[in-house]
**Student:** 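Just passing along the structure, written as structure tokens.
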Amino acid sequence: MNFKKKNPNYCIILIVLLLTSCSTPLQEITYLNEIKTNQPLESGPLPNVYTIRPNDQLYIQVISADPLDAAFLNLSGAQATGGFASTTNMEIITYLVDEQGYIQYPYLGRIEMAGRTLAEANNELQSEVNKYLESASVFVKLVNRNITVLGEVRSPGQMLMVKNQLTIFEALGAAGDVTDYGNRKNVKIIRESENGKYVAELDLTNPAVMYSPYYYILPHDIIYVQHSTKVYGAKNLPYAAPLTIFSSVVSIGLLILNLFI
């Protein structure tokens, strides 16, 4: 039997196998794959309201018509910046929530903050301030609104949330987007709650991710993009791998050439 003449498509099959073994399905790297466009989409769940927890830093400012009237309720660094703290001294004039969930406030005493939303904390402090001052307003802000992005992104690290409703795509965009080696089908979100830590998995290629309760990122969330199980390049290959691949390609090329000789 003449192998060369009986199997004219053999070389084509080898070429296809070689190419497909080095390629990645488009569905695995496309965000919101096959999402419906040019039409309104149903709104997903709103982000959970963040509740204060131990080790949070709170910036609290009492404002009145006469700043001197409220001076005894404000930390000294606030007056130096005209009522609002600068970035350099923000840490000095913040209140740290202790492990029991309380802050120690001058003249107002020990006040529980953990488990409250910022609005609830503001109302609690306002009721206490009203005992001392009339027509004064309380301003409460969470200072350490940080998230951490790790793994296969171009700029991993910790970053500050600049808005209340930050989506997973915006967070990854701030980190430079997922690299070619990242697994977009399994992005992990580590979130702390009153009941402990919880790890969620998001498939960013699936449009259903927009309706996940983890679509919106909360302060202190950790986003981890793990390496793909497939190899997109030579990043995680041994040093001898490029030579091995080159030798394999040459061998297959010689075999294909031999089929036509």
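Values below: every heavy atom of this structure, side chains too, minus hydrogens, waters and symmetry copies.
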**Student:** Does Arg53 reach the side chain of Glu192, with side-chain heavy atoms less than 4.5 Å apart?
**Tutor:**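 Yes, side chains in contact.
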**Student:** Find out whether Val62 and Tyr132 are in side-chain contact, i.e. whether some heavy atom of one side chain is under 4.5 Å from a heavy atom of the other.
**Tutor:**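 Answer no - side chains too far apart.
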**Student:** Could you measure the distance from the CD1 atom of Ile189 to the CD1 atom of Ile168? Nearest 0.5 Å is fine.
**Tutor:** 3.5 Å
**Student:** Sequence neighbours excluded, which residues qualify as salt bridge (charged side-chain N to carboxylate O under 4.0 Å, His left out) partners of Glu112?
**Tutor:** none
**Student:** Mind listing the closest non-hydrogen atom pair of Pro45 and Tyr216 along with its distance?
**Tutor:** O-CE1, 3.5 Å
**Student:** To the nearest 0.5 Å, tell me how far Thr167 OG1 sits from Tyr215 OH.
**Tutor:** 4.5 Å
**Student:** Show me the donor-acceptor pairs within less than 3.5 Å that the side chains of residues 30-43 make with the rest of the protein, sequence neighbours left out.
**Tutor:**
residue	atom	partner	partner atom	Å
Thr30	OG1	Leu26	O	2.7
Tyr31	OH	Asp177	OD1	2.5

**Student:** With rounding to the nearest 0.5 Å, note down the distance linking CD1 in Ile111 to OG in Ser127.
**Tutor:** 8.0 Å
**Student:** Would Val97 end up clustered with Tyr50 when hydrophobic side chains under 4.5 Å apart are linked, directly or stepwise?
**Tutor:** yes
**Student:** With a 4.5 Å limit on heavy-atom distance, are the side chains of Met159 and Ile147 in contact?
**Tutor:** yes
**Student:** For Asn183 versus Ser228, what's the shortest heavy-atom pair and its separation?
**Tutor:** CB-CA, 3.9 Å
**Student:** Please list, chain by chain and in numerical order, all residues satisfying side chain to side chain donor-acceptor pair (under 3.5 Å) with Asn164, sequence neighbours excluded.
**Tutor:** Arg145
**Student:** Using links of under 4.5 Å between side-chain heavy atoms of ILVMFWY residues, direct or through other members, which residues join Ile222 in one cluster?
**Tutor:** Leu150, Ile190, Val199, Tyr224
**Student:** Please test Thr179 against Val225 for side chain to side chain contact (heavy atoms under 4.5 Å, CB included), starting from the C-alpha separation and ending with a verdict.
**Tutor:** CA-CA 9 Å; Thr179 69; Val225 182; over 6 Å; no
**Student:** Just verifying a value: how many Å separate Leu202 CG and Arg184 CZ, rounded to the nearest 0.5 Å?
**Tutor:** 14.5 Å
**Student:** Taking the side chain as every heavy atom from C-beta outward, state whether Val49 and Glu120 have any atom pair closer than 4.5 Å.
**Tutor:** no
**Student:** Apply side chain to side chain contact (heavy atoms under 4.5 Å, CB included) to residues Lys141 and Ile60 and explain how you reach the verdict.
**Tutor:** CA-CA 7 Å; Lys141 181 179 179 62; Ile60 303 173; over 6 Å; no
**Student:** CD of Gln158 to NE2 of His220: how many Å apart, nearest 0.5 Å?
**Tutor:**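 Those atoms lie 9.0 Å apart.
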**Student:** Could you pull out all residues at least two apart from Phe72 that satisfy ring pair (Phe, Tyr, Trp, His ring centres under 6.0 Å)?
**Tutor:**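 Listed in chain order: Tyr107.
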**Student:** I'd like to know if the side chain of Gln126 reaches the main chain of Val138, judged simply by a donor and an acceptor atom lying under 3.5 Å from each other, with no hydrogens or angles considered.
**Tutor:** yes
**Student:** For Leu58, which of Ile52, Val143, Asn144 qualifies under side-chain contact (heavy atoms from CB on, under 4.5 Å)?
**Tutor:**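 Exactly one option meets the side-chain contact (heavy atoms from CB on, under 4.5 Å) with Leu58, and it is Ile52.
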**Student:** To the closest 0.5 Å, what do you measure between CG (Asp69) and OG (Ser64)?
**Tutor:**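 One gets 5.0 Å once the value is rounded to the nearest 0.5 Å.
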**Student:** Okay, side chain of Gln104, backbone of Leu96: is any donor-acceptor separation there less than 3.5 Å?
**Tutor:**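 Judged by distance alone, no pair lies under 3.5 Å.
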**Student:** Quick check on the hydrophobic clustering: are Leu160 and Phe169 connected, directly or via other members, by side-chain heavy-atom contacts under 4.5 Å?
**Tutor:** no
**Student:** Taking the side chain as every heavy atom from C-beta outward, state whether Asp203 and Val209 have any atom pair closer than 4.5 Å.
**Tutor:** no
**Student:** When you group the ILVMFWY residues by side-chain heavy-atom contacts below 4.5 Å and let the links chain together, are Leu118 and Tyr102 in the same group?
**Tutor:**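 Different clusters.
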**Student:** Please report the closest heavy-atom contact between Ala136 and Val129, naming both atoms and the distance.
**Tutor:** CB-CG1, 4.1 Å
**Student:** Which of parallel (below 30°), tilted (30 to 60°) and perpendicular (above 60°) describes Tyr59 and Phe139?
**Tutor:**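 Rings of Tyr59 and Phe139: perpendicular, over 60°.
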**Student:** At their closest point, which heavy atom of Leu108 faces which heavy atom of Leu125, and how far apart are they?
**Tutor:**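 The answer is CD1-CD2, 4.5 Å.
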**Student:** Give a yes or no answer on whether the side chain of Asn74 reaches the backbone of Ala70 with a donor-acceptor pair at less than 3.5 Å.
**Tutor:**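 Present.
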**Student:** Looking at every non-hydrogen atom in both residues, tell me the closest pair between Leu204 and Leu172 and how far apart they are.
**Tutor:**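 Shortest heavy-atom separation between Leu204 and Leu172 comes out as CD1-CD1, 3.4 Å.
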**Student:** Within a strict 4.5 Å, meaning less than it, do heavy atoms of the Val140 and Gln61 side chains meet?
**Tutor:** no
**Student:** Of all heavy-atom pairs between Ala171 and Leu166, which one has the smallest distance, and what is that distance?
**Tutor:**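 Nearest heavy atoms, Ala171 then Leu166: CB-CD2, 4.2 Å.
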**Student:** Evaluate the criterion side chain to side chain contact (heavy atoms under 4.5 Å, CB included) for residue pair Leu133 and Leu73; output intermediate values, then yes/no.
**Tutor:** CA-CA 10 Å; Leu133 295 174; Leu73 291 175; 4.0 Å; yes
**Student:** Residues in ring pair (Phe, Tyr, Trp, His ring centres under 6.0 Å) with Tyr105, at least two apart?
**Tutor:**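 Partners of Tyr105 under the ring pair (Phe, Tyr, Trp, His ring centres under 6.0 Å) test: Tyr95.
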